[in-house]
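Written out below as structure tokens is the structure these notes cover.
Atom set for the values below is all heavy atoms of this structure, side chains included, hydrogens, waters and symmetry mates excluded. Just so you know, residue 1 is the first one in the sequence shown, and it goes up from there.
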Amino acid sequence: MPAITHHIPDPMIAAYASGSLPHAFSMVVASHLSYCRDCQAALGAHQAAGGALLEETECVALEPALKSKVLAELDAPAVPDPVYDAKGIYPGAVMQSLKGRPPRWKTLGMGVKQDILFEDKHGSARLLFIPAGQAVPDHSHNGLELTLVLQGSFSDETGRFGVGDVEIGDEDLEHTPVADAGDPCICLAATDAPLRFKALMPRLLQPLFRI
């Protein structure tokens, strides 16, 4: 596994374990878990605590058969088995969304491309392809953005992010991610609100690109 230095926050792992995390963010968390043993351990702790609470809570009125099913699901591993394509970069959660097909890249400009994997009223998840040395336009956030590196790496005002690392962007973060030298940077990014771009052209194109 790669050396992970940027992890999923524990409250988000707890929300993932409870099933309350929106699907777009769950895709990023599940993909990160396929790389990160530390976060796998944190997830296991939350699952164990949830199972113990369900066993001990007398006010939960479940039929015996349903209760057994719920407990069995809590005991089962929530981390999907890694399933990789021929290049070995797409975790199982991404491959499930791709349904076995290669990414359908759509150009955003300057060599940057995207493939929107999922979108609903709670947010969206997309693959981003950023050529080495290329920057994503300077932007801030109207909500939360999770960006997981699948190939290559990128750097911004907060540091460097390599394979398996997750950057958490919120309304306080304004940054200009730049793909590092070497392989193109491919990321899985999930947002629950549109980004805020500073430059005029990205703002004009934003409705078309749905980002």
Atom of [X], atom of [Y] and distance for their closest heavy-atom approach:
X      : Y      : answer
Gly182 : Ala132 : O-CB, 3.4 Å
Pro91  : Leu150 : CD-CD2, 3.7 Å
Leu98  : Pro103 : CD2-CA, 4.1 Å
Gln134 : Ile130 : O-CG2, 3.4 Å
Ala135 : Val178 : CB-CG2, 3.7 Å
Ala179 : Pro131 : CB-O, 3.2 Å

Pairwise distance [atom1]([X]) to [atom2]([Y]) - rounded to 0.5 angstrom:
X      : Y      : atom1 : atom2 : result
Leu108 : Leu128 : CG    : CG    : 7.0 Å
Tyr35  : Gln40  : OH    : CD    : 12.5 Å
Tyr90  : Ile186 : OH    : CD1   : 4.0 Å
Leu33  : Ile13  : CG    : CD1   : 6.0 Å
Leu144 : Thr191 : CG    : OG1   : 9.0 Å
Ser155 : Glu167 : OG    : CD    : 10.0 Å

_All pairs passing side-chain hydrogen bond (donor to acceptor under 3.5 Å, both in side chains) where residues 19-30 contributes a residue, at least two apart_ =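 For residues 19-30: Ser18-Ser20.
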
*What residues form a ring-ring contact (aromatic ring centres under 6.0 Å, His included) with Phe129, not counting sequence neighbours?*
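With sequence neighbours excluded, Phe129 shows a ring-ring contact (aromatic ring centres under 6.0 Å, His included) to Trp105, given in chain and number order.
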
Non-neighbouring partners of [X] that pass side chain to side chain contact (heavy atoms under 4.5 Å, CB included), sequence neighbours left out:
X      : value
Ala14  : His46
Asp138 : Glu174, Thr176, Lys198
His6   : Phe161, Asp165
Glu119 : Ile116, Ser124, Arg210

*Go through the steps for His7 and His32 under the test side chain to side chain contact (heavy atoms under 4.5 Å, CB included), then give the verdict.*
CA-CA 8 Å; His7 300 270; His32 174 78; 4.0 Å; yes

*Under 3.5 Å side-chain donor-acceptor pair for Ser140 and Glu171*: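 Judged by distance alone, the side chains do not pair up.
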
_Evaluation steps, side chain to side chain contact (heavy atoms under 4.5 Å, CB included), between Asp38 and Ile4_ = CA-CA 9 Å; Asp38 289 342; Ile4 309 295; over 6 Å; no

*Between Met12 and Leu146, is a side chain to side chain contact (heavy atoms under 4.5 Å, CB included) present by the stated rule, with each step listed?*
CA-CA 11 Å; Met12 192 170 289; Leu146 274 61; 3.4 Å; yes

*Begin with the C-alpha distance, continue with both residues' side-chain angles, and end with the deciding distance and a verdict on side chain to side chain contact (heavy atoms under 4.5 Å, CB included) for Leu195 and Asn142.*
CA-CA 6 Å; Leu195 304 181; Asn142 287 304; over 6 Å; no

State which residues pass side-chain hydrogen bond (donor to acceptor under 3.5 Å, both in side chains) with [X]; sequence neighbours excluded, sorted by chain then number.
X      : value
Ser97  : none
Gln114 : Arg126
His139 : His175

*Does the side chain of Leu117 reach to within under 4.5 Å of the side chain of Met27, using non-hydrogen atoms?*
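In short, these two side chains touch, coming nearer than 4.5 Å.
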
*Residues two or more places apart in sequence or in another chain: which of them pass salt bridge (Lys or Arg N to Asp or Glu O under 4.0 Å) with Arg104?*
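Once residues adjacent in sequence are excluded, Arg104 has no partner under the salt bridge (Lys or Arg N to Asp or Glu O under 4.0 Å) criterion.
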
_Qualifying residues under salt bridge (Lys or Arg N to Asp or Glu O under 4.0 Å), relative to Asp115, sequence neighbours excluded_ =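 Counting only residues at least two positions away or on another chain, Asp115 forms a salt bridge (Lys or Arg N to Asp or Glu O under 4.0 Å) with Arg101.
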
*List, by chain and number, the other hydrophobic cluster members for Leu200, where Ile, Leu, Val, Met, Phe, Trp and Tyr join if side-chain heavy atoms come within less than 4.5 Å, directly or indirectly.*
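Once heavy-atom contacts under 4.5 Å are chained together, Leu200 belongs with Leu204.
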
_same_hphob_cluster(Met110, Met201) at 4.5 Å side-chain heavy-atom cutoff_ =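 No: no chain of side-chain contacts under 4.5 Å links Met110 to Met201.
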
*In the single-linkage hydrophobic clustering (I, L, V, M, F, W, Y; side-chain heavy atoms under 4.5 Å), do Leu173 and Leu188 co-cluster?*
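No; tracing contacts between hydrophobic side chains, which count when under 4.5 Å, never links both residues.
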
*Between Gln151 (side chain) and Pro184 (backbone), is there a donor-acceptor pair under 3.5 Å?*
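Yes, the answer is positive, given that a donor and an acceptor are paired below the 3.5 Å cut-off.
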
